[in-house]
Amino acid sequence: DSVASRGLGDVYKRQVFLLVGYQAARILPTIRSRTSQIALPTPSWDEALGWLSRNQVSQPEVILRAAGGAPVKALEWLDGNQLDIHNDIAGALAKGLSGALSPVDASKKLATFDIPVVFGVVLQWLQRAIKMNCAGLKDDLEVVGILAQLLPVHLYSLLDTVQGRLAQLNAGSNPNKVLALSLIHI
């Protein structure tokens, strides 16, 4: 952080640093104060559907909904069978949250997937649940509906917890232990 801060302080004419992130509030204030923010929203639902259709995606609505409205991610998912994985993770987590599976059994089922992928989609679902909860929006994914029943403060706490667990994974922690701790927190 201090290297970036010093680098921003010593900017020469015509020198540009491009910082890309989706949570500007988490950038250090000393760095944020030396930057200009340019918001690049995701395209509208209709624009995204049109783009996917032009790229010859079958069932663009299904894949776009699963990818959280992000058309590029939806297109990437088609390459790696991610939609099936997404649906399997959603089913296991929904069963665990609703009590149809015990936390231990839900953890075992989720542990069969790539753990960073599990945390990535859970982050996405928490963000969707916050939107549902705060803006009164609807979401047809069962696990998002279950999460949206929680208070917003709890959803934000879970969001921070999952982001922290992802950081632990990136630092080399045992993925199964990190997953088990996360399910206990939920």
Side-chain angles (χ1 to χ4, degrees), residues 20-27 42 48 52 57-135 137-186:
V20 179
Y22 66 96
Q23 290 184 326
R26 291 189 179 252
I27 297 173
T42 55
L52 287 171
V57 172
S58 63
Q59 298 181 328
E61 298 89 1
V62 173
I63 191 82
L64 185 61
R65 192 172 296 111
V72 173
K73 182 183 284 186
L75 201 56
E76 290 171 354
W77 277 20
L78 291 175
D79 291 336
N81 203 25
Q82 290 294 332
L83 183 58
D84 292 337
I85 293 168
H86 173 275
N87 291 339
D88 290 345
I89 293 170
L93 189 57
K95 286 178 182 175
L97 291 172
S98 68
L101 276 179
S102 72
V104 171
D105 289 337
S107 180
K108 286 179 183 176
K109 175 70 174 161
L110 292 171
T112 63
F113 300 102
D114 185 30
I115 303 301
V117 171
V118 172
F119 280 103
V121 294
V122 169
L123 273 177
Q124 184 183 87
W125 296 333
L126 284 168
Q127 291 165 344
R128 285 166 60 177
I130 289 168
K131 286 180 188 175
M132 271 184 72
N133 193 309
C134 295
L137 301 174
K138 297 195 186 273
D139 197 298
D140 61 353
L141 190 61
E142 180 186 10
V143 69
V144 174
I146 293 169
L147 289 168
Q149 294 172 16
L150 299 172
L151 293 172
V153 68
H154 194 134
L155 288 170
Y156 281 109
S157 174
L158 285 173
L159 192 68
D160 283 342
T161 298
V162 172
Q163 288 172 330
R165 299 292 191 244
L166 265 173
Q168 288 176 340
L169 285 174
N170 291 334
S173 293
N174 179 332
N176 292 324
K177 186 175 182 180
V178 171
L179 178 62
L181 289 171
S182 298
L183 285 176
I184 290 169
H185 186 80
I186 292 177

Taking all non-hydrogen atoms of both residues into account, name the closest pair between [X] and [Y] and its distance.
| X | Y | result |
| --- | --- | --- |
| Leu150 | Leu158 | CD1-CD1, 3.6 Å |
| Gly96 | Ala106 | CA-CB, 3.9 Å |
| Ala48 | Leu64 | CB-CD2, 3.6 Å |
| Val143 | Ala90 | CB-O, 3.9 Å |

What's the separation between atom [atom1] in [X] and atom [atom2] in [Y], rounded to the nearest 0.5 Å?
| X | Y | atom1 | atom2 | answer |
| --- | --- | --- | --- | --- |
| Ser102 | Lys108 | OG | NZ | 7.5 Å |
| Phe113 | His86 | CZ | NE2 | 11.5 Å |
| Gln59 | Leu52 | CD | CG | 12.5 Å |
| Asn133 | Leu126 | CG | CG | 11.5 Å |
| Met132 | Leu147 | CE | CG | 9.5 Å |
| Ile146 | Trp125 | CD1 | CH2 | 10.5 Å |

Any chance the side chains of Asp160 and Ser157 put a donor and an acceptor closer than 3.5 Å? no

Non-hydrogen side-chain atoms of [X] and [Y] separated by less than 4.5 Å:
| X | Y | result |
| --- | --- | --- |
| Leu141 | Arg65 | no |
| Leu155 | Leu159 | no |
| Gln168 | Gln163 | no |
| Ile130 | Pro152 | no |
| Lys73 | Gln124 | yes |

